[in-house]
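Please read the structure below before turning to the comments.
Note that the coordinates shown come from a computational prediction; the quantities given were computed from them, not determined experimentally. Below, chain A is the first sequence line, B the second, and so on; all start at residue 1.
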Amino acid sequence: MFKTPFKTPLKPPRIPGKKRRPSLVAYTTFILAALYLPLVALSVLSFRGGPTLFHWYVRAFSDPQLLQSLWNSIFIGVGSTIISTVLGTMAALGLRRPRFPGRVAFESLINLPLVLPEIVMGLSLLVWFSFLKMTLGLFSVILAHTTFSVSYVTLIILARIKGMDPLLEEAASDLGATPWRAFWTVTFPLLLPAVISGALLSFTLSFDDFLITFFTSGVGSDTLPIRIYSMMRFGVTPEMNAISFSVIFFTLLTVVMVFRLRRE
Amino acid sequence: MEPTAFTKQQKTPAFIFPSLGWFIFFLIIPLGIVVAFSLMHKGAYGQIEYRLDLGNFARVFEPIYLKTVFRSLLLAAFTAGTCLVLAYPLAYLMARSGDMLKKLILALVIVPFWTNFVIRIYALKLVLGENGLINQLLRELHLIAAPLQLTDNLIGVGIGMIYNYLPFMVLPLFVALDKLDFTLLDAAYDLGASRVQMALKVLLPLSLPGIVTGSIFVFIPAFGEFVIPDLMGGSQSMYVGTLITETFLKSRDWPFGSAMSTLLVLMAMVSFVIVLSRASRDPAAREMRGKRAEAGPVHV
């Protein structure tokens, strides 16, 4: 008899891929349920306890302070989205050139807002704005939000550019199109889904942001997250449930749109 | 690639100048000012005197502040550790699932993290509060007489941190495990390895890059976290994020606040350099950089 390295030579064969332990499945279901439980609870509570189903929604959307903060959020979101989409698209187009002086430095600069502690970004802007003697308000928040949104827009569009055939635009110029025309008729339509999903992401990021807004907003420029934050310290009201769930609902709608665009 | 009309040009493209200018004006200069302030002296009335003072950094190491730093380190370590334990089985199941299920679970993990951060914490508070879902359920089942105190204390902070940071751990773990060749486990099995041996000698070393990346992605933002302890912890304890915020907004000691911020940035940068330098060797970490952008709002 030769020596076998097997401790137990007669184990049943394992079928790869076929093994999904029920305990693991149950665990995963539990974790996912726990992740969603608060959101579900919020949605249920936002419809309950009033004389009509949408009672708290009507109440929430007629609260002038809540409404004001909602408008502030939308205004800031739109403002920072426009600036960051333009800047980010241009930056991504610039980065098509594979090598140029300062490329590595510029790329690190783009990644910096992703790794910088958010609190530091917020307070450094606060320090800078007060150094410039700028009044804090909607405008300062737009500037702050744009600073982090540009990075995300650039990275999303860049990912799309990397998957694109650079020869297409060249083919257009070979066929006699001016560079300007080649860009607008060939490259830009191909980039458009990425530009839109970058813009939607930028709006979502701005709409969601708490910490940077906390540092850079002034009196009367409360955004919705700031408003909810300060209301939370005085307790919970059904109107807050309603407005919170509306926000979640619209965010999810945006996310679905972004994912759809990404798939194309 | 053959040099083409587009790749030949070596000049810095003019298209990057607007965003470059923006980053210099709204990112580099503000950070430079914070670093400069951290080296300056605070006057008697809270104004900044433009003379060198290294005492701000020394003050961080005074016992009261050191205690805060230590508390934050503990919280960050607890969050990273618990998230690792909770996320690993989930990431493992994802990696071993079929394409459809994989994508579904991935989407389900990422989606809540797109929804507003403050609202998410608010919703969590609805569930955990004195009259929240959990307490109501336990009372209905007659398991408890008095409501459990799950918010405005350390338990609340812990649950809030885990709830918020779990996806940061799931993503890198999944990316690492998804790349893993699971036939290696079968090989180990065929060679007579026990289940524990398979886990410790095959799975763990091979998924180590994901574990390191995930732990850093949770630890660093958790260390500077300010909103969750503030909303879930009541008004009792101080963390680094709370301390920095209060130093800036309440006591207006900008040089000291700047010194703490500078240290926080240094810590984050060093950690991410570790992750990125691994990225040149490790494809999982490289992919994670893309995933971070894709994942959306990250609260670092």
Problem - Non-hydrogen side-chain atoms of L27(B) and P113(A) separated by less than 4.5 Å - result: yes
Completion exercise
In terms of heavy-atom pairs under 4.5 Å with chain A, the winner among I119(B), L90(B), V34(B) is I119(B)
Exercise for the section: In sequence, state the C-alpha distance, the side-chain angles, and the governing distance for R233(A) and D230(B), and then conclude on side chain to side chain contact (heavy atoms under 4.5 Å, CB included). Expected result: CA-CA 10 Å; R233(A) 319 187 107 214; D230(B) 191 49; 2.8 Å; yes
Exercise for the section: Look at L39(A), N241(A), I31(A) and state which one has the largest set of heavy-atom pairs under 4.5 Å with chain B. Expected result: N241(A)
Practice task
Indicate the atoms forming the closest heavy-atom contact of S124(A) with P30(B), along with that distance.
Solution key: O-CB, 3.5 Å
Problem - OG1 on T28(A) to CD1 on I105(B), rounded to 0.5 Å - result: 5.5 Å
Exercise for the section: Could you tell me which of L86(B), V109(B), L124(B) has the largest number of non-hydrogen atom pairs under 4.5 Å with chain A? Expected result: L86(B)
Practice task
Go through the steps to decide whether R120(B) and I248(A) satisfy the test side chain to side chain contact (heavy atoms under 4.5 Å, CB included), and finish with yes or no.
Solution key: CA-CA 9 Å; R120(B) 239 180 309 144; I248(A) 289 184; over 6 Å; no
Problem - Intermediate values then yes/no, side chain to side chain contact (heavy atoms under 4.5 Å, CB included), L211(A) and V227(B) - result: CA-CA 8 Å; L211(A) 210 47; V227(B) 186; 3.9 Å; yes
Practice task
Might you point out which heavy atoms bring P89(B) and L24(A) nearest each other, and give the distance in Å?
Solution key: CB-CD1, 3.7 Å
Problem - Nearest non-hydrogen partners of I16(B) and L95(A), listed with the distance - result: CG2-N, 4.4 Å
Exercise for the section: Go through the structure and list residues passing side-chain hydrogen bond (donor to acceptor under 3.5 Å, both in side chains) with D181(B), not counting sequence neighbours. Expected result: T183(B)
Handout entry: pair F210(A)-F226(B): side-chain heavy atoms closer than 4.5 Å
Key = yes
Fill in the blank from the handout: For R97(A) and K11(B), the nearest pair of non-hydrogen atoms, with its separation, is NH1-O, 2.7 Å
Exercise for the section: Quick one: pull up OG1 in T154(A) and CZ in F23(B) and give me the separation to the nearest 0.5 Å. Expected result: 6.0 Å
Problem - Polar side chain donor-acceptor pair, T204(A) to W114(B), under 3.5 angstrom - result: no
Problem - Ring centres under 6.0 angstrom apart (W128(A), F26(B)) - result: no
Practice task
Would you mind telling me which of F17(B), Y122(B), F223(B) has the largest number of heavy-atom pairs within less than 4.5 Å of chain A?
Solution key: Y122(B)
Handout entry: Most chain B-contacting option - heavy-atom pairs closer than 4.5 Å, from V255(A), V150(A), I228(A)
Key = V255(A)
Practice task
Please flag which part of L133(B) lies under 4.5 Å from any non-hydrogen atom of chain A: side chain, backbone, both or neither.
Solution key: side chain
Problem - Polar side-chain atom of Y229(A) near backbone of L231(B) as donor-acceptor pair, under 3.5 Å - result: no
Handout entry: Validation row: I83(A), W22(B) side chains within 4.5 angstrom (heavy atoms)
Key = yes
